[in-house]
Amino acid sequence: MNLRSTIIRFGMQAISLTGADRWLASAARGRGAILMLHHVRPDAGRGFAPNALLEVTPGFLDEVLTLAKAEGFVFVPLDEVPERLADPRPGAAPFLALTFDDGYRDNVVHAQPVLERHGAPWTVFVTTGFADRTARLWWLELEEAVRRLDHVAVDDGDLAIAHPARTDAEKSAAFEQLYWALRRGPEERLLAVIAGLAERAGVDGRALVEELCLDWAEIAALARVPGVTIGAHTLTHPMLAKHDAARVREEIERSRAIIAERVGQPVRHFAYPVGDPTSAGPREFAITREAGFATAVTTRPGHLFVAHAQHLTALPRVSLNGLYQTRAAARALLSGVPFLLWNRGRKLDVA
C-alpha cells in the first residue's frame with residue numbers, strides 16, 4: 001500500500017474514532033449516493049495486486065449493505081434517482097443506488113446473490129467491446145505483463161522508463177510509474193506501449209477479456225432478472241476527454257444502440273470510462289445530455305444533493321475501494337464526510 005493509500009486509511013479511521021461520521025453526516029450525506037463497484041470476488045491473497053482497489057469481497061459488499069440498511073438508507077434503481085433529487089421535501093430517507101462498471105462475470109457469480117438477499121436493485125454498465133471481445137482491459141494487461149517480467153523497460157519518444165521487477169515491491173513501483181506516465185499522455189501511446197509489453201510477456205489480452213467479462217448471451221439473460229438495469233459504458237472504454245467530439249458521440253450513441261438491440265430494452269443510463277476530470281468533463285456531460293440519457297455517472301467522489309438535479313449527466317459516485325474493506329471505512333463512506341472534506345465543502349464538482 002502506497003503513502004497516499006495509507007493516509008486515506010488513517011483518515012477513514014480518524015473519522016470513525018472522532019465520531020465525525022455521526023455529527024457531520026447531516027451536512028455531508030445529502031439526498032443519498034450512488035455506489036460504484038467493479039469486481040466482486042473472494043480475496044485471492046496476491047502480493048502484487050496493483051488493481052486491487054477495483055475489487056471487493058462478497059463479504060464486504062454484504063457488510064456495506066447491512067450497515068446501509070441500519071443507517072436508514074433505502075435501495076433504489078437509477079431510474080428513481082432524478083425524481084428523488086428533484087423532490088424538495090426535507091427529511092426523506094437517504095437512498096443508495098448500486099452500479100457496477102464494465103460487465104464482469106463475477107458480478108453475477110458473487111455480487112448478485114448478495115444483492116438479492118438485500119433486495120437491492122443494481123445497474124451494470126456494459127462496454128460493448130468487452131462483450132464481443134474486441135476491446136482491451138489494458139490496465140489488467142499491464143498488471144499481467146509486469147507480473148511476468150523481471151525488468152520493465154519502455155523507450156517511446158519522450159517516455160523512457162527502466163525499472164527492475166523481480167520482487168512484489170519492485171513490480172508495484174514499476175507498475176505505478178508506468179501506469180501514471182501513460183495515463184498522462186495520449187491514449188494511442190498507452191495502448192501501443194502496453195500491447196508491446198504484453199506481447200513481450202506472453203499475455204493474451206483477448207483471453208483476459210473472455211475469462212473476466214460477460215458475453216452477450218449472459219448480458220441478455222442478466223437484463224431479464226428483476227431489479228437489474230443495463231447501462232452503456234462505450235464501445236471501447238476510452239478516456240473520452242482525450243478524443244474529438246465525433247469519436248465521443250460515436251462511443252456513447254453506438255454503444256447505447258448496440259446494447260438496446262442485444263437486450264431488447266431501452267438504455268437510459270451511462271457511465272464514463274475512467275470517469276475522472278481528465279477523462280470526462282463539461283463537453284462529455286453536454287453530449288450525454290444531448291443524447292437523451294436520464295443519468296450519466298462519473299468517478300468523481302461525492303454524495304448527491306438537490307443541486308445535482310440540474311446536473312444529471314455529471315453525477316458523482318462513492319467507490320467501494322478494495323484497499324479499504326473495513327467497517328470504519330464503510331461508515332465513513334456512507335456518512336459522506338470524506339467527500340465533504342475532499343471537495344472542501346463543495347457539494348457540486350462539475351467543471
Side-chain angles (χ1 to χ4, degrees), residues 24-38 76-88 90 92 94-101 123 125 183-184 187 229 231-234 237-249 251-253 255-256 267-321 333-351:
L24 283 177
S26 61
R29 181 169 286 164
R31 288 303 178 99
I34 301 171
L35 290 188
M36 175 179 66
L37 300 98
H38 290 79
V76 303
L78 271 183
D79 279 332
E80 285 190 21
V81 169
E83 179 182 353
R84 286 178 176 268
L85 289 177
D87 186 349
F95 66 82
L96 206 60
L98 287 96
T99 63
F100 296 75
D101 287 9
T123 297
F125 290 111
R183 276 283 306 273
R184 286 190 291 269
E187 194 163 35
T229 300
H233 199 37
T234 72
H237 203 277
M239 290 172 273
L240 292 170
K242 292 178 179 286
H243 300 278
D244 62 42
R247 168 77 183 276
V248 173
R249 289 190 177 90
E251 289 277 348
I252 291 172
E253 295 178 1
S255 64
R256 176 173 63 180
V267 177
R268 293 168 41 80
H269 307 282
F270 183 83
Y272 304 100
V274 184
D276 67 348
T278 71
S279 306
R283 183 191 65 170
E284 289 69 43
F285 303 157
I287 289 173
T288 51
R289 183 172 60 250
E290 292 162 7
F293 283 93
T295 72
V297 296
T298 70
T299 63
R300 301 185 189 209
H303 277 224
L304 299 174
F305 297 86
V306 172
H308 283 106
Q310 305 305 314
H311 301 277
L312 292 174
T313 58
L315 298 178
R317 288 189 286 178
V318 173
S319 173
L320 288 194
N321 190 309
L333 294 174
L334 291 172
S335 76
V337 171
F339 315 116
L340 188 72
L341 301 175
W342 179 269
N343 294 321
R344 300 176 184 177
R346 291 178 303 160
K347 295 179 179 179
L348 285 176
D349 178 16
V350 297

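Excluded from the calculations below are hydrogen atoms, water molecules and symmetry mates; all remaining heavy atoms, backbone and side chain alike, are included. Remember, predicted model here, so these are calculated numbers, not experimental data.
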Q: Kindly state each residue pair satisfying salt bridge (Lys or Arg N to Asp or Glu O under 4.0 Å) with at least one member in residues 295-308, sequence neighbours excluded.
A: R300-D349
Q.
Could you report the tightest heavy-atom contact between T313 and F285, atom names first, then the distance?
A. OG1-O, 2.9 Å
Q. Is a donor on one side and an acceptor on the other found under 3.5 Å between the side chain of H308 and the backbone of F305?
A. yes
(Q) Testing the basics here: between A241 and A280, what is the closest heavy-atom pair and its distance to 0.1 Å? (A) CB-N, 4.0 Å
(Q) Please check this pair: side chain of E253 against backbone of A291, looking for a donor-acceptor N/O pair closer than 3.5 Å. (A) no
**Q.** Listed partners of F125 passing ring-ring contact (aromatic ring centres under 6.0 Å, His included), at least two apart
**A.** none
Q) Hey, what do you get for CG (L37) to OG (S319), rounding to the nearest 0.5 Å? A) 7.5 Å
Q. Quick one: are H303 and F339 in side-chain contact, heavy atoms under 4.5 Å?
A. yes
Q. Is the shortest heavy-atom distance from the side chain of T278 to the side chain of R183 under 4.5 Å?
A. yes
Q | Point-to-point distance, once rounded to the nearest 0.5 Å, from CZ of R317 to CG of D101 | A | 4.0 Å
Q. Taking side chain as C-beta onward, heavy atoms only, is L85 less than 4.5 Å from L312?
A. yes
Q. Which atoms form the tightest heavy-atom contact between L334 and R29, and what is the distance?
A. O-NE, 3.3 Å
Q) Taking all non-hydrogen atoms of both residues, which atom of V318 and which atom of L333 are closest, and how far apart? A) CG1-CB, 3.9 Å
Q) Which atom pair, heavy atoms only, marks the closest approach of A97 to L78? A) CB-CD2, 4.1 Å
Q) Are the side chains of P316 and L304 in touch, meaning some heavy atoms are under 4.5 Å apart? A) yes
Q: Scan for side-chain hydrogen bond (donor to acceptor under 3.5 Å, both in side chains) pairs involving residues 76-88, sequence neighbours excluded, and state none if there are none.
A: D79-R268, D79-H269, E80-R84, D87-R89
Q: Please name the pair of heavy atoms, one in S255 and one in E251, separated by the smallest distance, quoted to 0.1 Å.
A: OG-O, 2.7 Å
